[in-house]
Amino acid sequence: MDFRSLAQTYQTPLYVYDFDKVEKNFLEFKEAFAGRKSLICYALKANSNLSLLSFLASLGAGADCVSIGEVKRALIAGIPKYKIIFSGVGKRDDEIEEALREDILFLNLESYEEMQRVERIAQELGKKARISIRVNPNIDAKTHPYISTGLYENKFGVELEVAKQMYIYVKSSPHLEAVGVHFHIGSQLCDLSPITQASEKIADFLKSLLALKLEIKFFDIGGGLGICYEDEKIIPLYDYAQSILSTLKDCEPTIICEPGRRIVGDSGYLLTKVIGEKRNSHKRFVIVDGAMNDLMRPTLYHATHKSFIVGKNGEESVCDIVGSICESGDYLAKDALLPPTQEGDLVVFENAGAYGYSMSSNYNSRTRPAEVALIRGTPKLIKARESLESLWANELELL
């Protein structure tokens, strides 16, 4: 990949995505579940660029959405409404109404109270709402606490007994139709055993629902499979699929999988340029034109993105790679090993395709980077760099 040419053409900081890698990753999911009825619903929260979504739609992807904005993005990108799921613990009434009007596949419910709100809104619209219920299996995903979602201490899902009461309620409601059951225990998962345990527990629950004559068509296993940022051992997709299928021997629902990071994470790079170096008696700092507003993961999760200087060798020493934001937490790497740098050197951060641009902000009135896709090696601008003027274009002056 010609990082220098990309940086010269589109400037830095810059996000670059290898769409050929995205395609390979997506098709591996389809292949892993090819022996059973399945639907791969890409999780938009990882990266919701419209060009990326349109590309995935062309490959047959569905969409896992957690806001009505994401639902709208999926529809605009050409993902069919019957492949779109709306999840999330805090759906507003207007979001629920819009989702029902769009007639998407189903809504994942997160509480008894939410179920009653969906029922009321469906009744007001004269519709029957297709729903699934997110069940919290109380399984430790063994991941970062901020992205663990399958324990009772997390805000997501409902306990098994509450879920059963909800399904019984739905069965007798003229405005609700239960079509699926859902679980998702966390993100950046690199251990298969908690996933298998959760699937076993929810598969048994599904069988109890079928025994109650509920026509549950979809077994939604969530997403969360990790990628290799440092030295993690990633879960082979064949093993992942087989572990899920082994829990469903007595029934054959359509399996829904909701990967995000595993499809786009290792396809992306963040390109930054060195502004200069700064040293004190204890530390070496490499200052770059990127910052925590461009890539939040290191600050938020203490995550590591491997970095290197394009075309430069030399004796490496420990440094922090930092930006210009007025926060001590503004860093892109801690204790990285880099050779001596000078102004204009190009630093590349790997595995930045997921939760990079989608979590970026305008903190310190900084503009967000451009995004570029590489398709069969040819670069295409898929989002222009923000201008400073755009930051205040919608603000109203009171004086």
For residues 222-231, which side-chain donor-acceptor pairs fall under 3.5 Å, sequence neighbours excluded?
from, atom 1, to, atom 2, distance (Å)
Y229, OH, R261, NH1, 2.8

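Under a 4.0 Å N-O distance rule, the pair D220/R134 does not qualify as a salt bridge.
In this structure, F86 has no ring pair (Phe, Tyr, Trp, His ring centres under 6.0 Å) partners at least two apart in sequence or on a different chain. Scored by the side-chain contact (heavy atoms from CB on, under 4.5 Å) test, L50 finds L53, R73, I76, A77 as partners (sequence neighbours excluded). Evaluation of the ring pair (Phe, Tyr, Trp, His ring centres under 6.0 Å) rule for Y17 yields no partner, not counting sequence neighbours. Partners of R92 by side-chain contact (heavy atoms from CB on, under 4.5 Å), not counting sequence neighbours, listed by chain and number: D94, E95. Residues forming a ring pair (Phe, Tyr, Trp, His ring centres under 6.0 Å) with F29 (at least two apart in sequence, or on another chain): none. Contacts of D204 classified as side chain to side chain donor-acceptor pair (under 3.5 Å), with partners at least two apart in sequence or in another chain: none. The ring pair (Phe, Tyr, Trp, His ring centres under 6.0 Å) search around F285 returns none, not counting sequence neighbours. Among residues two or more places apart in sequence or in another chain, the side-chain contact (heavy atoms from CB on, under 4.5 Å) test is passed with P298 by L295, H305, Y331. By the side-chain contact (heavy atoms from CB on, under 4.5 Å) test, E316 pairs with L337, P339, sequence neighbours left out.
Pairs engaging residues 322-335 under the salt bridge (charged side-chain N to carboxylate O under 4.0 Å, His left out) rule: K283-D335, D320-K334 [sequence neighbours left out]. Residue pairs meeting the salt bridge (charged side-chain N to carboxylate O under 4.0 Å, His left out) criterion with at least one member in residues 246-260, sequence neighbours excluded, are K207-D250.
S267 places no side-chain N or O within donor-acceptor distance of the main-chain N or O of G353, the cut-off being under 3.5 Å. Within the 3.5 Å criterion, the main-chain N or O of D294 finds no donor-acceptor partner in the side chain of R366. A donor-acceptor distance shorter than 3.5 angstrom exists from the side chain of N364 to the backbone of C326, with no hydrogens or angles considered.
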